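So you know, we letter chains A, B, ... as the sequences are listed, proteins then strands, and number each from 1. The structure displayed is predicted, hence computed values, not measured ones.
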Amino acid sequence: MSSLQFWKPGTVGPGSTLDRATEAEGSVISSAPIGAAVSIQAARERLPIFKHKEKLLYCVENYGVTILVGQTGCGKTTQLPQYLHEAGWAADGNVIACTQPRRVAATSVAARVATEVGSILGDEVGYTIRFEDVSDKKRTRILYLTDGILFRETLLDPLLSRYSVVMIDEAHERSVYTDLMLGVLKKIRRKRPSLRVIVSSATLDAAGFLDYFSSGNPPGEATIVSLEGRMYPVHIAHLEQPTPDYVAKAIDVVWNINLQRSSGDVLVFLTGREEIDRCLEGLAELLPTLPRGATRLKLHALHSGLPMDEQLAAFEPAERGFRKVIVSTNIAEASVTIEGIKYVVDSGFVKIRTYNPTTSLSSLSTIPVSRASAIQRAGRAGRTSYGACYRLYPASTFESLPPTTQPEITRTDLTTPILQLKSLGIDDLMKFEWVSSPPAEAVLRALESLVASGMVGEDGRLTVIGEKVAECPVEVNIARMLFASKDYQCGEEILTIAAMTTVQDVFVIPDGAAGALAELERRKFTAEEGDHLTLLNAYNAFTRYGRSSSWCKAHALSFRALSRAVSIRAQLKKYMQRFGLPIENCQGDAKRLRQCIVSGYWRNGAKWMADGTYRSVRGNVVLHVHPNSVLFTRKPRSGWVIFHEMEETKKTQIRILTEIEPDWLLEYGHKFHDKRTGVGVSVR
DNA sequence: GAGCACTGC
């Protein structure tokens, strides 16, 4: 067993967030004309330090766009909206909006600010997230919402006329909706210059946002505000040599931290469930060799696939005499904060989903993290006291990492975003000002698929059904299926299937012997026809047995997923009623149901092969059935299926399958054949 | 015959 002696001490470079974190608390406020002050570092050096919040107000009041740099904990999210309120920005019925990429952030921040203001949550201060609107249309002055909700609001009110200020918080995370919102806000400000925009980021790439808003606009002035957060210094150490196996190295390092370093919990960043389990097994094997008198270890896994109670267990403080070790995915980088972490072990890798528009395949691959991510991970060690971060790669590797992660909009399926942009009247997508442009191929393929599915006409404009589908908060294929349910008289069941395919991880599979048990439980719901109907059975059983969490546990179902499906179903039901779609029961006619599913997913047909794999109708790709499918072990009687989605991991896998008749595919293939190549679906 | 990073409407 090696010791920690080989660690080469080092610090993060000047100008990085961590470096600045060691500075005294206080706020730096700067203002400079657009174009002149593109460098935030330069602006910081030039400009005076103010400690009075009035100065902050002044800056925002005078200029249209504000770029805000401040790391977690500096109070930008909670304080700035309050300053704006005090300064009168919420007068005359105006609302100050602050967007968050995640639901938990929107709710928890709103609760805190409501307390600080001395108001009841939902009165002067409120929040809006999907399924939950805790705000008052007349009384709420400061509103926290998810960026997805605000984007949806632009579909109804294209100028966002109820807001005087929109603050896009955590913009550095660059979620799809953050990027779409920024694009739309730039457009809105041309028509309504009185709308103030604040873009808030924890990393220094914020200067890019300033460039974005200033380009193509008449000369004006923008403001750069920089707030310093309160954080403790974190000592950074790198490996001298790269390691061939970072999981083994992580085990080694955690073990040595425990033997050689003072008390404090350890957080390990790995990429996925498999690595986490391997790391925890390795540590568990070492436990019997722990010297007498050494601190004992309490081991926790943390990833989104775990049931809620197991996730929460990782947040509980360890018992006296124990050191907590949490082995986590990227979920601990930004989504959750764990108190008491003093040591971070960073593999330097992350699993990321990318979409290939040419093959319409999304794949999950392990890639090196960005420098911004590595800094963010290290920062997790310095929230309650000084800490240390052990990077399982050399310092030279850190320097060669990309500065930031590729924005999601550049590596995702654009079908839904483009449908929504068109609904906003943005028809010429080549002229839309993206913060980061997605690949042209991705835009073209998305347009093609919208034309093929009848959402967009040959003129490039939305069709009547396209307008309606754009309003529905589901993907296009599901919306098509909902609309088709009128013809097949099965709205009630299709509504459930739509909700159940939207949530993931319905069937819980515990490890080991319990896994086999879960498999047996799942068979109770199995429908011969395939996974869609199996999901329908599970949902119906869930509601029949009182939506109880203990019932779910006994039947290896995820209570969280099913509860979410109930909410989504209720929301989609409202849309169906609004569009005058009947919600009829199919009277047990599974054939009608399956035909209705094909109406949305006819492009996802596949043919069974003798070796147990499938071939896709489009492209003749070799497909493997996901082990979770009820058709994993069975040949479909007709030899044909349609599937909900395909994904590339080690192999190309298809999930959620239903057996169909091949001529159903032909029916839709003729109706909506591929306009570009002139080739329809061939079923032979 | 075997597996899924994380969000959001």
Side-chain angles (χ1 to χ4, degrees), chain A residues 99-106 128-133 145-156 170 173-181 269-277 302-306 328-336 347 349-354 362-367 369 373 405 408-409 411-412 416-417 419-420 423 469-476 478-479 499 502-511 515-516 518-519 558 561 564 567-568 571-572 574-575 611-613 624-629 631-634 645 647-651 653-655:
Chain A
T99 71
Q100 296 292 318
R102 277 174 294 280
R103 295 156 55 93
V104 271
T128 309
I129 58 178
R130 187 180 186 183
F131 310 130
E132 263 180 83
D133 184 4
L145 28 60
T146 44
D147 40 23
I149 284 274
L150 186 64
F151 184 73
R152 192 148 284 277
E153 196 169 331
T154 60
L155 296 178
L156 304 171
E170 311 289 352
E173 290 194 24
R174 301 297 299 275
S175 75
V176 168
Y177 285 117
T178 298
D179 274 32
L180 291 175
M181 259 334 291
F269 283 102
L270 297 176
T271 70
R273 176 180 172 165
E274 196 189 331
E275 284 177 9
I276 290 170
D277 290 347
L302 182 61
H303 55 84
S304 74
L306 288 173
S328 172
T329 60
N330 220 27
I331 193 170
E333 188 182 303
S335 305
V336 299
S347 66
F349 285 90
V350 66
K351 222 177 254 187
I352 202 165
R353 180 192 289 273
T354 42
S362 66
S363 61
L364 214 52
S365 46
T366 302
I367 61 160
V369 295
S373 272
T405 311
E408 194 185 358
I409 195 98
R411 49 183 173 83
T412 195
T416 304
L419 180 71
Q420 290 173 335
S423 180
V469 167
E471 283 183 48
C472 293
V474 285
E475 58 179 79
V476 173
I478 290 183
T502 303
V503 299
Q504 64 265 63
D505 303 319
V506 171
F507 298 103
V508 180
I509 306 173
D511 280 329
E519 176 68 29
S558 162
R564 206 174 146 70
S567 302
I568 292 173
Q571 191 192 24
L572 296 180
K574 283 185 195 157
Y575 280 95
D611 61 358
T613 63
H624 296 261
V625 181
H626 192 280
N628 237 350
S629 170
L631 289 175
F632 183 59
T633 50
R634 274 196 315 116
E645 59 184 2
E647 189 176 60
E648 201 174 18
T649 48
K650 282 166 193 159
K651 295 180 290 196
Q653 287 193 329
I654 48 177
R655 293 175 66 252

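If you find the closest nucleotide of DNA chain B to Glu274(A) and to Asp147(A), the one lying nearer the 5' end belongs to Glu274(A). Where Pro627(A) and Gln100(A) each meet DNA chain B at their nearest nucleotide, the meeting point lying more 5' is that of Pro627(A).
Across all strands shown, Thr416(A) has no heavy atoms under 4.0 Å from either base or sugar-phosphate atoms. Nucleic acid contact for His303(A): sugar-phosphate only, since backbone atoms but no base atoms lie under 4.0 Å from a heavy atom of the residue. Contact annotation for Arg655(A): base contact, defined as any heavy-atom pair under 4.0 Å involving a base atom. Base contact: Gln504(A) has a heavy atom under 4.0 Å from a base atom. Counting non-hydrogen atoms under 4.0 angstrom, Ile149(A) reaches the backbone sugars and phosphates but no base. At a threshold of 4.0 angstrom between heavy atoms, the contacts of Ile129(A) are confined to the sugar-phosphate backbone, with no base atom among them. Nucleic acid contact for Phe131(A): none, since no nucleic acid atom lies under 4.0 Å from a heavy atom of the residue. Residue Ser175(A) is classed as having no contact, given no heavy-atom separation below 4.0 Å to the nucleic acid. At the heavy-atom level, Arg353(A) lies under 4.0 Å from base atoms of the strands shown.
In this view, Asp147(A) satisfies the salt bridge (charged side-chain N to carboxylate O under 4.0 Å, His left out) rule with no residue, not counting sequence neighbours. Evaluation of the side-chain hydrogen bond (donor to acceptor under 3.5 Å, both in side chains) rule for Thr613(A) yields Asp611(A), Arg615(A) as partners, not counting sequence neighbours. Contacts of Glu132(A) classified as side-chain hydrogen bond (donor to acceptor under 3.5 Å, both in side chains), with partners at least two apart in sequence or in another chain: Tyr127(A). With sequence neighbours left out, Glu648(A) forms a side-chain hydrogen bond (donor to acceptor under 3.5 Å, both in side chains) with no residue at all. Listed by chain and residue number, nothing satisfies the salt bridge (charged side-chain N to carboxylate O under 4.0 Å, His left out) test with Glu408(A) (two or more places apart in sequence, or in another chain).
Among the candidates His626(A), Arg655(A), Arg353(A), the single residue satisfying the side-chain hydrogen bond (donor to acceptor under 3.5 Å, both in side chains) test with Glu647(A) is Arg353(A).
Taking 4.5 Å as the limit, some side-chain heavy atom of Ile352(A) sits within range of a side-chain heavy atom of Arg411(A).
With a cutoff of under 4.0 Å to any heavy atom of chain A, the contacted region of DNA chain B is bounded 5' to 3' by dG1(B) to dC9(B).
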